[in-house]
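Throughout, protein chains are lettered first and strands after them, A, B, ... in sequence-line order, and every chain is numbered starting at 1.
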Protein chains: 2
Amino acid sequence: MEALTPSLEDYLEAIWTISLRDKVARVKDIAKSLRVSTPSVVNALNVLLEKNLIKHERYGYIELTDQGALKAKEVDEHHKLLFTLLNEIFGINAGIASKDACKIEHHLSKETIKRIEQFIQFLEEDQEEKAFFTSRFKDFVEKGEEDMGDKKVSKADFTLRDLKPGEKGKVIKIKGKGNLKKRLLDMGIVPGTEIQLKKVAPLGDPVDILVKGYHLSLRKGEARDILLEKV
Amino acid sequence: MEALTPSLEDYLEAIWTISLRDKVARVKDIAKSLRVSTPSVVNALNVLLEKNLIKHERYGYIELTDQGALKAKEVDEHHKLLFTLLNEIFGINAGIASKDACKIEHHLSKETIKRIEQFIQFLEEDQEEKAFFTSRFKDFVEKGEEDMGDKKVSKADFTLRDLKPGEKGKVIKIKGKGNLKKRLLDMGIVPGTEIQLKKVAPLGDPVDILVKGYHLSLRKGEARDILLEKV
DNA sequence: TCCTTTTGTTAGATTAGACTAACATTAATA
DNA sequence: TATTAATGTTAGTCTAATCTAACAAAAGGA
Ligand SMILES: [Mn+2]
Ligand SMILES: [Mn+2]
Ligand SMILES: [Mn+2]
Ligand SMILES: [Mn+2]
């Protein structure tokens with residue numbers, strides 16, 4: 001079986017999703033869904049018919065053959081996979097993520113698809129880790145946009161991440177939003193609080209800090225969100 | 001300026017990289033680089049000339065105009081960006097990563113490109129975090145492939161991650177490779193060691209464990225690599 | 001310099017995928 | 001049921017991108 005062109009894959013994909021939504025697919029639905037003219041659809045259908053991927057008799061409904069359904073499902077799965085990567089992980093808005101996914105779904109090797117699957121599964125495996133990771137990334141993106149406007153964030157600042165073991169600082173502000181910020185505040189890390197860095201473990205490990213007599217563990221990423229001034 | 005087709009973008013990109021490598025670009029080099037015939041190249045060059053993206057006189061060398069260089073550079077940057085994502089972060093081998101990057105580089109919205117840039121920068125910002133993250137993902141991928149062969153990993157096993165606070169287990173094996181494994185072994189976590197889980201913090205935080213009288217912090221991801229049996 | 005090899009160009013064909021205009025069939029409804 | 005509206009099809013055109021075969025120019029070597 002010869003490889004299908006991107007265009008033909010999109011036709012199959014459209015027939016698949018329309019068949020799920022409504023019961024059957026019709027020429028005008030496909031045309032609408034793909035924003036092409038009906039003659040373009042008819043032309044594509046003839047090619048797909050030739051390749052035994054659809055069943056279609058003149059003026060009748062359109063159905064996928066087993067072979068066609070197999071391929072259509074695959075395209076649809078790739079679409080969804082890429083959508084998840086773009087939307088859920090990279091945080092791209094649904095409309096754009098879906099458009100981009102549908103364009104590149106035809107161009108990736110099976111190796112790459114597999115890896116993306118694994119990458120998503122890797123994060124999925126630990127929902128907490130994923131939530132943490134994606135929210136940190138979101139903060140990072142928002143922080144960047146913020147900095148565009150700010151220009152000078154307040155020159156003399158340094159962050160908890162910049163302290164050396166033993167050094168102290170006083171909290172000015174906690175950057176970031178949502179869970180992260182809330183959690184830090186709950187831990188007693190509010191503006192004015194004095195913090196001493198105890199130790200930093202190597203490779204992805206937490207930093208150990210002393211606040212109000214208590215030991216706390218923070219991730220390095222979090223430490224970078226805590227702005228300090230000299231004590 | 002009308003949008004360029006993927007094909008024309010590839011011609012620009014080829015001219016750009018050839019011009020950097022050698023001093024000038026010639027028809028046969030472009031043909032070789034893109035694996036097309038020389039008449040195909042000539043045809044494309046005429047189109048690019050029409051659009052003021054290259055300078056070219058019959059039988060002479062090919063140069064990019066300022067406008068052409070701008071576009072070529074952009075395509076090349078996107079190519080490199082996507083290559084980094086696929087190769088460095090997802091761990092796809094260079095050959096495939098490059099091919100796939102060159103296919104999809106023409107199809108992504110500027111929003112998506114921007115986000116991928118930010119994602120890479122996000123990991124780049126903290127080399128340790130990145131090393132940890134990518135090595136964990138690598139382990140995850142390798143573990144998956146391993147399980148294909150293994151089939152039954154040894155039925156009664158559970159991992160450190162499965163313990164509840166207060167519960168104990170005895171180390172059977174440490175999965176994963178490289179840094180991670182070495183570090184765990186250095187910490188005294190070897191087969192036969194008895195471990196007690198003390199507490200698990202919410203949201204991306206470490207698990208606190210007691211080994212040989214010492215407290216240690218591990219990330220949840222790491223905890224899942226430590227296979228235990230009942231004490 | 002003149003012949004040969006390398007490189008570039010032209011001409012013409014092919015394929016895929018879109019379009020519009022015109023026509024055919026089927027479905028809806030008066 | 002007869003007409004109209006909606007839907008589908010055919011025919012013919014266009015553009016982009018490729019190819020092969022044949023020819024032309026430039027470069028290199030005897
Ligand atoms: Mn698509
Ligand atoms: Mn799609
Ligand atoms: Mn390309
Ligand atoms: Mn490229």
Student: Using modelled atom types only, decide if a donor and an acceptor are shared between the side chain of A:Ser98 and the backbone of A:Gly95 within a distance under 3.5 Å.
Tutor: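 Judged by distance alone, no pair lies under 3.5 Å.
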Student: What's the spacing between B:Ile116 CD1 and B:Thr84 OG1 if we round to 0.5 Å?
Tutor: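 Going from the CD1 atom of B:Ile116 to the OG1 atom of B:Thr84 covers 10.5 Å.
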Student: Aromatic rings B:Phe122 and A:Phe137: how do their planes relate, parallel, tilted or perpendicular, breaks at 30° and 60°?
Tutor: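 Correct class here is tilted.
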Student: Quick check on the helix from C:dT1-D:dA30 to C:dA30-D:dT1: what's the angle between its two end axes, five base pairs per end, to the nearest 10°?
Tutor: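 One end's axis against the other's: 0°.
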Student: Is the shortest heavy-atom distance from the side chain of A:Leu4 to the side chain of A:Leu53 under 4.5 Å?
Tutor: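 Yes, side chains in contact.
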Student: Quick check against the 3.5 Å criterion: does A:Arg115 have a side-chain atom that pairs as donor or acceptor with the backbone of B:Leu86?
Tutor: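 The answer is no, because no donor-acceptor pair under 3.5 Å joins these two groups.
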Student: Would you call the rings of A:Phe119 and B:Phe119 parallel, tilted or perpendicular if under 30° counts as parallel and over 60° as perpendicular?
Tutor: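 Answer is perpendicular, since the angle exceeds 60°.
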Student: Apply the test side-chain contact (heavy atoms from CB on, under 4.5 Å) to residues B:Ile226 and B:Thr159: give CA-CA distance (whole Å), side-chain angles for both, the deciding distance (0.1 Å), then the verdict.
Tutor: CA-CA 5 Å; B:Ile226 301 176; B:Thr159 77; 5.8 Å; no
Student: Going 5' to 3' along DNA chain C, which are the first and last nucleotides with any atom under 4.0 Å from a heavy atom of chain A?
Tutor: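 Answer, 5' to 3': C:dA16 to C:dT26.
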Student: When you look at B:Glu105 and B:Val75, which way does the side-chain contact (heavy atoms from CB on, under 4.5 Å) test go after all the steps?
Tutor: CA-CA 7 Å; B:Glu105 72 195 355; B:Val75 174; 3.8 Å; yes
Student: Using a 4.0 Å cut-off on heavy atoms, which residues in residues 9-20 of chain A reach DNA chain C? List them by number, or say none.
Tutor: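 Per residue number, the list reads A:Tyr11.
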Student: Taking the side chain as C-beta and beyond, is there a heavy-atom pair between B:Val24 and B:Glu63 under 4.5 Å?
Tutor: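 The answer is no, as the side chains (C-beta and beyond) never meet within the 4.5 Å cut-off.
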Student: Decide, yes or no, whether a salt bridge links B:Glu74 with B:Lys71 under the criterion of side-chain N to carboxylate O below 4.0 Å.
Tutor: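 Salt bridge present between B:Glu74 and B:Lys71.
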Student: So that I can tick it off, tell me whether A:Lys114 and A:Glu111 are bridged by a salt bridge, with the cut-off set at under 4.0 angstrom between side-chain N and carboxylate O.
Tutor: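 Not counted as a salt bridge, because no side-chain N and carboxylate O are separated by less than 4.0 Å.
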Student: Partners of B:His107 by ring pair (Phe, Tyr, Trp, His ring centres under 6.0 Å), sequence neighbours excluded?
Tutor: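 So B:His107 forms a ring pair (Phe, Tyr, Trp, His ring centres under 6.0 Å) with A:His107.
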Student: Kindly indicate, with the supporting measurements, whether the criterion side-chain contact (heavy atoms from CB on, under 4.5 Å) is fulfilled by B:Glu88 and B:Thr134.
Tutor: CA-CA 8 Å; B:Glu88 217 160 294; B:Thr134 53; over 6 Å; no
Student: I want to check something: taking the side chain as every heavy atom from C-beta on, are A:Ile96 and A:Asp100 in contact at a cut-off of under 4.5 Å?
Tutor: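 Yes - at least one pair of side-chain heavy atoms lies under 4.5 Å apart.
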Student: Which of residues 27-43 of chain A have a heavy atom under 4.0 Å from DNA chain D?
Tutor: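 A:Val27, A:Lys28, A:Thr38, A:Pro39, A:Val42 - these, ordered by number, are the residues of the stretch whose heavy atoms sit under 4.0 Å from the strand.
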Student: Taking the side chain as every heavy atom from C-beta outward, state whether B:Glu50 and B:Asn46 have any pair of such atoms under 4.5 Å apart.
Tutor: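 SC-SC contact between B:Glu50 and B:Asn46 ruled out.
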Student: Within residues 48-65 of chain A, which residues have any heavy atom lying less than 4.0 Å from an atom of DNA chain C?
Tutor: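 Residues of residues 48-65 of chain A that come under 4.0 Å of DNA chain C are, in numerical order, A:Tyr59.
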